[in-house]
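As the structure is a computational prediction, the values presented were derived from the model and not from experiment. A, B, ... follow the sequence lines: proteins, then strands. Residue 1 opens every chain.
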There are 2 protein chains.
Amino acid sequence: MRYPKLFEHIAALTPLPASEWLKAEVLAREQALDKRALFLRPGDPADRFGLVLQGVFRAVRVSARGEESIKAFRAEGELIGAYAEMLQGQPSMTSIEALEPGRVLAFQARDLQALEAGHPCWAQLARRVAEQHYILKERREQEFLDLSAEERLERFWQEHPHLHGRVPQRDVAAYLGITEVALSRIVSRRRKRAE
Amino acid sequence: MRYPKLFEHIAALTPLPASEWLKAEVLAREQALDKRALFLRPGDPADRFGLVLQGVFRAVRVSARGEESIKAFRAEGELIGAYAEMLQGQPSMTSIEALEPGRVLAFQARDLQALEAGHPCWAQLARRVAEQHYILKERREQEFLDLSAEERLERFWQEHPHLHGRVPQRDVAAYLGITEVALSRIVSRRRKRAE
DNA sequence: ACCTGGGCTTAACCCAGGTTAAGGCGGCCT
DNA sequence: AGGCCGCCTTAACCTGGGTTAAGCCCAGGT
């Protein structure tokens, strides 16, 4: 087994026999990405995804007007990919970019589909993943509905302490749905109040 | 089969043998709800869900400050329930309320779990449901990140034309994440521009 | 040592949406 | 009929965040 830590992490979601994990490992390809390099770019077929071995990634959507908003940050052990587009068989509208030099374990979606035929644990895992993703998005929805930008910022650091110092402030702003100028204001407001 | 239309609707998501649907039907209980009646209230165990037979429902989250925001509207053929809480085994933080006199087909979550042991179609259905829910929430997230309130309103009516005339404006506002005053302003602004 | 560029901050001004409060309008009850 | 209630509108004022633009700081490259 080449990636025992990753196996642990994933098997925590659902019972996953080591033998099945080994079958997946041989289908995977390790990929190194420089800082700023894209794992996926808009227009690419959304037929692959990756597990982050090293680094922090951001999933970005570029709007029609050219503004970019950030759907998620992903660090070690987490999944990267254009999940919604994959489910719908559409090309990616998301780009996934390394914020630091990183490494991912890349899979072809069709390879995993093939494994599903061999053992029910993979379908079960796919379900768990969908459910977890749903829970996170619903939490985010609630934050947009109920919280001000300042409160969302506070939550963000509570929920993502491991990203501290690893993601530029402008990207945090794009995640919160505000501009970097507004975020800078909020931060300095808080700084003053803290004195 | 008591609910052939519902069966069609659900079988469209994933192949579902009629024999399995019949097993589910006998576990279900039809429930009538008056206007304003609650299918689920905050604090209830999130161990049941329903299929809407008739009526429009809203899923409401009441914040700590007492403001209510609306997570979703659900009409005929759609699912109601505190889905995220159910997945996490938590009590409901959502209340689900009939906007009109309505009827739902109610299931116990544990009954459906029992069916899963008997046939793989149920696990497959659960996965599809999770994936569909995810896709919807991601779409909503994108709307909050990229669109103004006015643009979100326009999208809302594009995506939910069947709700026209069935949901009060204040609830649309609570769905968009703005106040009813702001929504009224937007509507009259648009009215003027249209002349 | 100097320049450059990337990322952050600050300031000035504007506008969308929040807040509060005062009606308006129609349906429903007695 | 009259009165009440639920829902929507309008207005006045306030505030948070957007926009634009200038400047700062520092790491890296020459």
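- The CD-C1' distance, from A/Gln169 to D/dC25, rounds to 14 Å in whole Å.
- With C/dG17, D/dA11, C/dT9 as the choices, the nucleotide that has an atom nearest any side-chain atom of B/Val181 turns out to be D/dA11.
- A/Arg170 contributes no side-chain N or O that forms a donor-acceptor pair with the base of C/dG6 under 3.5 Å.
- Applying the 4.0 Å criterion to OP1 and OP2 of D/dT19, one finds that A/Thr179 has every side-chain N and O outside that range.
- Among the heavy atoms of the strands, none lies under 4.0 Å from B/Val187.
- Using a 4.0 Å heavy-atom cutoff across all strands shown, A/Arg189 reaches sugar-phosphate atoms only and no base atom.
- With both pairing distances under 3.5 Å, D/dT30 is matched to C/dA1 as a Watson-Crick or G-U wobble pair.
- The existence of a salt bridge linking A/Arg61 and B/Glu141 is excluded, since no basic side-chain nitrogen approaches an acidic carboxylate oxygen closer than 4.0 Å.
- Looking only at atom types and distance, the side chain of B/Asp44 has no donor-acceptor partner in the side chain of B/Ser92 under 3.5 Å away.
- A salt bridge is defined here as a Lys NZ or Arg NE, NH1 or NH2 lying under 4.0 Å from an Asp or Glu carboxylate O, and B/Arg189 with B/Glu150 meets this definition.
- For the pair B/Arg185 and C/dT19, the criterion of a side-chain N or O lying under 4.0 Å from OP1 or OP2 is not met.
- Side-chain N/O atoms of B/Ser188 include one lying less than 4.0 angstrom from OP1 or OP2 on D/dT10.
- The CZ-P distance, from B/Arg190 to D/dC8, rounds to 17 Å in whole Å.
- Summarising the geometry, the separation between CG on A/Leu147 and C1' on D/dG17 is reported as 16 Å, rounded to the nearest angstrom.
- Salt bridge A/Glu68/A/Arg58: present, at least one basic N to carboxylate O contact under 4.0 Å.
- With distances taken from any side-chain atom of B/Ile186 to the nucleotides C/dG17, C/dC8, D/dT10, the minimum falls on C/dG17.
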